[in-house]
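Structure first, commentary second.
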Amino acid sequence: MSAVKSKFLTTLVLIGVLLVLIGCAAPAAQPAAPADQSAAAADQPAAAAEQSGPVARKDVLVIPGNVNIPAPDIWNPYIPGTYILQGMNQNMMEPLFMLNYETGQIDGWLAESYEANDALDEWTVTLRDGTEWSDGTPLTSEDVVFTINMLKEYAPQLNWSGAVEQWVESVEAIDESTIKFTLTGANPRFVMENLAGTTSQAIVPLPKHVWEGKDPVTFKNEYDEATGSPVFSGPYVVKSFSSTEFVYKRNDNWWGAKSGAFNLPAPLEIRRPWVGDAATGQQMLANNESDTGGGNSPSTNAALMAQNPNLVSYTDEPPLGWIDPCPRMLTINSTVAPWDKKEMRWALSYAINRQQIVDVVTEGAGATSSFIFPDYAGMKPFQDAIADIVAPIGEFNPDKSRELLESQGYTLDAGSGKYVDADGTTLSLDIVLPPFMEPWARMVSQQLNEVGIDAVLRILEWGIFRDQTGRGNFTAATQWDGCGSVIEPWFGMQRYHKKWVNPIGTPGTEYVDNTNNGGRWVNDEYSALVDEMGALPLGDPQVVDLMKQAVTIWADELPDIPLVQTPVFLLFNTTYWTNWPTKDNNYVQPPGHWQHFLRQLVEIKPAQ
């Protein structure tokens, strides 16, 4: 068995070289462990005594959220539509591995290493010593096997179950800490795609002793103080919750600290309140009532930092803000007439002034987007390779938009200023969105109306938005459904594969809090090319050529409409906590709503 190393930073360099026709070697041996934590046990904060009263502010980490949780009593991460970013994902659940954008490497978390055979169809994962569940039960390979088999059995009804059903032929526990995955075929990205989490999360193990015999499609995994439920393996457990605030207390018996794998997080408590409007959240930061957040523009951040000198930005150098891996998109349901025609989708694209969106929404910070890739260093070789192919997508040309609409039989009604069909019916576009997407959606709606399309916004509560877009019960949506590629092109592109298309009314397979191929676009040739890409190792020179062929089809059909890159104007409050992941201290990507936040928890330090 040849060892397969996940030295992704090296791979990225090799990829750039490949574009000038120099090949690279196949991957080899890989231990995956986070850097600078071999002496973690020596740095542990003392375990706190049982709190008899309120926890002092200096020992509390406060992170406001912008989503009112519709079903706060559901702690089952695999039910489609379950909201996991209220802390379940960042404080309680733990993945086997984490993809670190800043280093390009896969770091071990619950697991310490992985390797594959030469054919890349058998993968062996080794857990760290001493892994435990929050109730003290050992976390073993049997728990991992149970979780994978559960996803296989209940596919496609559970999140991640589609990928598991597609790729995992069988999984077995070799011993208490070793798991062997036998795949249905070669998959060089199996660990990165499924077990490491390229963005929001990865497959997380569940405790067999809790879940065995339960129906995972309906089991809520509800809170029970007496039993310690919900049981996960992370460094925090639930203290209290409601639809407006989630509070977590530190598990001083957390396996990660006991084993010496990680530091025991310094915050004794984490509070995640719902804040209904941006101005309130920003003022909380200025008043030291929260520890991380930020404005929606550079000028707002400057004003906040003027109010509170303890606030520091992710970076004060252009490009301002941290670039989110999820460019904003206008998703079109390809099954809904007249938008099932590519000419109509192109009419929408030409009507959108992307630079104006950048100038208005983020005060000129950020950039326009012509495809699904984020502006990351690791993606630059691929973006450069397809630049000419996707360039027309970014064109703002209202005249071309009108020409396309008129070529499809629409005429401009002089009275209303809107296009109508032969029967006099106004051409309309219903756009759904969650509340936090309103700034982008409002600009898109305005621009479409200016060209003669009656675009109407419907702002939906989060759970309803997820349900409607997941089931295909929508016409258009402003969201981020191309998200996924951060160091190579395949992952984001495979989200448009025809395999993800379910009948209207049936939930799709979710990833990054939205549905793969939510627009239900089907193209056989594109899907076949993506399959060929997925079978090749990272860095294989053929990937670029196959990508270009697939992108040519995507750009012609335009199943989704890219809008803009997404700068996030993060601010960190150093009044109570320090060692935040700024651009100059980039030990991990900085969002506080993803699974990678676990790394921040073991790194931030008390300021007082």
Side-chain angles (χ1 to χ4, degrees), residues 48 50-55 59-95 110 131-139 143 146-147 150 154 158-159 200-201 203-256 265 267-275 461-463 466-467 513 592-595 597-598 601:
E50 187 67 28
Q51 295 293 324
S52 58
V55 179
D59 296 317
V60 179
L61 185 64
V62 183
I63 306 173
N66 59 3
V67 176
N68 188 330
I69 314 303
D73 58 338
I74 297 178
W75 299 89
N76 177 347
Y78 290 112
I79 295 177
T82 299
Y83 191 76
I84 64 173
L85 304 185
Q86 81 286 44
M88 175 168 34
N89 191 41
Q90 311 94 308
N91 309 336
M92 301 176 68
M93 304 192 303
E94 295 182 302
L110 283 172
T131 50
E132 289 181 349
W133 297 107
S134 56
D135 63 1
T137 305
L139 189 163
D143 295 298
F146 168 80
T147 304
M150 179 195 78
Y154 286 89
L158 301 174
N159 293 335
S200 177
Q201 67 168 123
I203 293 172
V204 294
L206 298 173
K208 180 180 178 180
H209 67 283
V210 173
W211 286 71
E212 193 168 32
K214 305 291 196 303
D215 179 355
V217 178
T218 59
F219 179 49
K220 290 185 177 182
N221 196 27
E222 291 176 294
Y223 172 74
D224 185 329
E225 184 177 8
T227 64
S229 179
V231 175
F232 290 106
S233 61
Y236 289 83
V237 295
V238 176
K239 180 177 181 180
S240 64
F241 68 94
S242 68
S243 62
T244 57
E245 184 174 51
F246 290 76
V247 182
Y248 303 88
K249 61 182 178 181
R250 190 178 70 189
N251 176 11
D252 294 335
N253 200 39
W254 179 48
W255 74 269
L268 300 183
E269 191 170 285
I270 300 175
R271 297 176 191 160
R272 291 179 173 269
W274 169 60
V275 178
E461 177 271 322
W462 175 261
R466 291 276 298 277
D467 184 69
D513 308 303
H593 56 285
W594 287 348
Q595 209 160 53
F597 186 71
L598 288 163
L601 286 176

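These values consider heavy atoms only, across backbone and side chains, with no hydrogens, waters or symmetry-generated copies.
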Residues that Val238 engages under side chain to side chain contact (heavy atoms under 4.5 Å, CB included), provided they are two or more places apart: Trp75, Met92, Tyr223, Pro230, Phe241, Tyr248

Residue list, side chain to side chain donor-acceptor pair (under 3.5 Å) with Asp143, at least two apart or on another chain: Trp133

Non-hydrogen side-chain atoms of Pro72 and Ser242 separated by less than 4.5 Å: no

From NE2 (His593) to CD (Gln201), nearest 0.5 Å: 12.0 Å

For Ser240, side chain to side chain donor-acceptor pair (under 3.5 Å) partners two or more places apart: none

Met150 and Leu158: CA distance, side-chain angles, deciding distance, side chain to side chain contact (heavy atoms under 4.5 Å, CB included) verdict: CA-CA 9 Å; Met150 179 195 78; Leu158 301 174; 4.1 Å; yes

For Thr227, all residues meeting side chain to side chain contact (heavy atoms under 4.5 Å, CB included), sequence neighbours excluded: Asp224, Ser229

Inter-residue atom distance Gln90.CD - Phe597.CZ, 0.5 Å rounding: 7.5 Å

Contact summary for Pro235 and Glu94, nearest pair of heavy atoms: CD-OE2, 4.1 Å

Aromatic Tyr236 / basic Arg272 pairing, under 6.0 angstrom, 45° off normal: no

Full working for side chain to side chain contact (heavy atoms under 4.5 Å, CB included) between Leu139 and Leu110: CA-CA 9 Å; Leu139 189 163; Leu110 283 172; 4.0 Å; yes

Min side-chain heavy-atom separation Trp462-Ile69 under 4.5 Å: no

Close side-chain approach of Leu598 and Pro95, heavy atoms under 4.5 Å: yes

Rounded distance [0.5 Å steps], OG1 in Thr244 versus CD in Gln86: 12.5 Å

Closest contact, heavy atoms only, Tyr154 versus Asp215: CE2-OD1, 3.7 Å

Derivation and outcome, side chain to side chain contact (heavy atoms under 4.5 Å, CB included), residues Phe246 and Met88: CA-CA 10 Å; Phe246 290 76; Met88 175 168 34; over 6 Å; no

Pair listing, side-chain hydrogen bond (donor to acceptor under 3.5 Å, both in side chains) test, anchored in residues 59-69, at least two apart: none

Full working for side chain to side chain contact (heavy atoms under 4.5 Å, CB included) between Leu601 and Leu61: CA-CA 10 Å; Leu601 286 176; Leu61 185 64; 3.8 Å; yes

Leu268 CG to Asp252 CG distance, which is reported to the nearest 0.5 Å: 7.5 Å

Residues that Asn221 engages under side chain to side chain donor-acceptor pair (under 3.5 Å), provided they are two or more places apart: none

For the student: nearest non-hydrogen atoms of Glu269 and Lys239, plus distance: OE1-NZ, 2.7 Å

Side chain to side chain donor-acceptor pair (under 3.5 Å) involving Ser134 - partner list, sequence neighbours excluded: none

pair Thr82-Pro77: side-chain heavy atoms closer than 4.5 Å: no

Contacts of Glu132 that satisfy side chain to side chain contact (heavy atoms under 4.5 Å, CB included) - sequence neighbours left out: Asn253, Trp255, Lys258

All side chain to side chain contact (heavy atoms under 4.5 Å, CB included) counterparts of Lys220, not counting sequence neighbours: Asp73, Ile74, Glu222

Backbone N/O of Pro216 and side chain of Asn76: donor-acceptor pair under 3.5 Å: yes

Please tabulate, for side-chain N and O atoms in residues 203-211, each donor-acceptor pair with protein atoms closer than 3.5 Å (sequence neighbours left out).
unit_1: His209; atom_1: NE2; unit_2: Asp135; atom_2: OD2; d: 2.7

